[in-house]
Amino acid sequence: MLKNKSILEPSLFGVLIQANSVYCGIHLTDIQLPDQCAFLGILRESKVISAIDNPSIFAEDYILAIATHPMMVPALKVTLKKIHSVYYSLNSCLLEARPTASQSVNSDDLDLSSSFNATYY
């Protein structure tokens with residue numbers, strides 16, 4: 001038994017990868033981890049994929065990681081939760097092309113000749 005348990009207090013956790021994560025589409029080992037942290041793998045659809053297999057990361061995956069020192073847990077969470085500053089997805093776009101009020105006027109309805117001949121006093 002360990003006499004001093006405070007030497008090693010590993011923290012294991014999983015981070016859900018959002019669709020706008022900076023890690024979508026890259027391999028697990030391409031991520032730079034803080035010191036005293038390591039990957040265990042990915043949880044995808046109730047299956048664990050080992051970090052040894054170096055899987056690609058997809059939205060809705062859980063990255064399973066461990067911090068061997070409690071002080072490194074916040075740094076590890078911040079690292080793994082990085083997202084694009086604007087919603088980003090390779091598969092979809094949330095922005096729709098909607099005309100604004102000024103753009104919704106039909107140009108056929110305008111009488112441009114009268115607007116050019118206006119006299120201002």
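For the numbers below, each heavy atom of this structure counts, side chains included, while hydrogens, waters and symmetry mates do not. The chain is numbered in sequence order, starting from 1.
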Euclidean distance, E45 CD relative to F58 CZ, rounded to 0.5 Å: 10.5 Å
Whether H27 side chain and T29 backbone form a donor-acceptor pair below 3.5 Å: no
Checking side-chain contact (heavy atoms from CB on, under 4.5 Å) against L80, which of I17, I31, V22 comes through? I31
Report yes if the side chains of I42 and L64 come closer than 4.5 Å at any heavy-atom pair, otherwise no. no
Using a 3.5 Å distance criterion without hydrogens, assess whether the side chain of T79 forms a donor-acceptor pair with backbone atoms of A75. yes
Can you get from L12 to M72 by hopping between Ile, Leu, Val, Met, Phe, Trp and Tyr side chains that sit under 4.5 Å apart? no
Calculate, to the nearest 0.5 Å, the distance between atoms OH and NE2 belonging to Y23 and H84 respectively. 10.5 Å
Rounded to the nearest 0.5 Å, what separation is found between the OG atom of S21 and the CD1 atom of I83? 8.5 Å
Between L76 and A65, the two heavy atoms sitting closest are CD2-CB, 3.8 Å
Common cluster, I63/L16, ILVMFWY with side-chain heavy-atom separation under 4.5 Å: no
Could you check whether atom CD1 of I26 has more than 12 heavy atoms from other residues, nucleotides or ligands sitting under 6.0 Å from it? yes
D61 and L43, any side-chain heavy atoms less than 4.5 Å apart: no
May I ask you to test the F39-L33 pair for a side-chain heavy-atom distance under 4.5 Å? yes
Nearest heavy-atom approach of C24 to A19 is SG-O, 4.0 Å
dist I66:CD1 -> C37:SG (nearest 0.5 Å) comes out at 9.5 Å
Closest approach of P55 and S50, non-hydrogen atoms and distance? CD-O, 3.6 Å
Can I49 be reached from Y62 by stepping across I, L, V, M, F, W or Y side chains whose heavy atoms are under 4.5 Å apart? no
E60 side, atom CD; Q18 side, atom CD - distance, nearest 0.5 Å: 6.5 Å
So is K77 actually on top of F13's ring, under 6.0 Å and inside 45° of the axis? yes
So, T68 side chain and Q36 main chain: donor-acceptor pair closer than 3.5 Å or not? yes
Any chance you could measure N54, atom CG, to D30, atom CG, to the nearest 0.5 Å? 6.5 Å
